[in-house]
*Asks:* 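My structure is below; once you've seen it, I'll send some questions.
Just so you know, these numbers use all the heavy atoms, side chains as well, and skip hydrogens, waters and symmetry mates. Count residues from 1 along the sequence.
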Amino acid sequence: GDEPTGNLDSKTSREVIELFKKLNKERQITVILVTHDLNVARHARRILVMRDGMIGMDTTRFEDAFNSLHAFESSPDEQEAPAVQAELPE
């Protein structure tokens, strides 16, 4: 989903993430989620940080993805953080 929690309040956002996790675990459904929200990405088992259409990082560690995003943001001519694709855990 592309920003599936983008317009939701925090409680509903958590409920949506938990639903994705449940579907993944119980029905073996792969969930690919695109978000700029690091609180959503934090729940992922795998995180792909994208920059200009290219994968800048592929990691299972949220901290590595977080640091990668901040490296992009430190460039003064950047206006928006790169997208994060997150695969939710089983």
Side-chain angles (χ1 to χ4, degrees):
D2 184 6
E3 297 280 359
T5 61
N7 292 320
L8 303 177
D9 60 83
S10 58
K11 179 182 180 288
T12 306
S13 178
R14 284 189 301 273
E15 291 171 355
V16 168
I17 295 301
E18 289 306 315
L19 175 62
F20 286 153
K21 287 180 177 180
K22 183 177 178 179
L23 288 170
N24 176 257
K25 182 176 183 178
E26 294 177 5
R27 298 196 184 182
Q28 301 297 303
I29 295 172
T30 299
V31 177
I32 298 174
L33 182 104
V34 178
T35 187
H36 290 90
D37 185 342
L38 295 178
N39 290 320
V40 172
R42 181 181 306 276
H43 294 276
R45 176 179 43 175
R46 179 178 177 202
I47 301 172
L48 303 174
V49 178
M50 304 214 38
R51 177 73 172 176
D52 296 329
M54 305 289 287
I55 296 174
M57 175 166 285
D58 182 349
T59 184
T60 58
R61 292 176 31 101
F62 175 78
E63 295 80 13
D64 293 342
F66 180 82
N67 290 335
S68 175
L69 287 168
H70 282 286
F72 288 131
E73 290 175 352
S74 66
S75 177
D77 58 342
E78 298 307 319
Q79 297 189 5
E80 184 174 310
V84 176
Q85 290 187 346
E87 185 176 321
L88 297 175
E90 292 183 19

*Asks:* Who passes side chain to side chain donor-acceptor pair (under 3.5 Å) against R42, sequence neighbours left out?
*Replies:* none
*Asks:* With R14, which residues qualify under salt bridge (Lys or Arg N to Asp or Glu O under 4.0 Å), at least two apart?
*Replies:* none
*Asks:* Closer than 3.5 angstrom, by distance alone: can the side chain of N67 be matched with the main-chain N or O of E63 as a donor-acceptor pair?
*Replies:* yes
*Asks:* Not counting sequence neighbours, which residues clear side chain to side chain contact (heavy atoms under 4.5 Å, CB included) with T59? List them please.
*Replies:* I47, M57, R61, D64, A65
*Asks:* To the nearest 0.5 Å, tell me how far R45 CZ sits from N24 CG.
*Replies:* 5.5 Å
*Asks:* How long is the gap from NZ on K22 to CD1 on I29, to the nearest 0.5 Å?
*Replies:* 11.5 Å
*Asks:* Restricting to non-hydrogen atoms, name the atom on L33 and the atom on F20 that form the minimum distance, rounded to 0.1 Å.
*Replies:* CD1-CE1, 3.6 Å
*Asks:* Taking side chain to side chain donor-acceptor pair (under 3.5 Å) as the test, write out the residues that go with D58, two or more places apart.
*Replies:* R46
*Asks:* With D9, which residues qualify under side chain to side chain donor-acceptor pair (under 3.5 Å), at least two apart?
*Replies:* T12
*Asks:* Can you name the salt bridge (Lys or Arg N to Asp or Glu O under 4.0 Å) partners of D37, sequence neighbours left out?
*Replies:* none
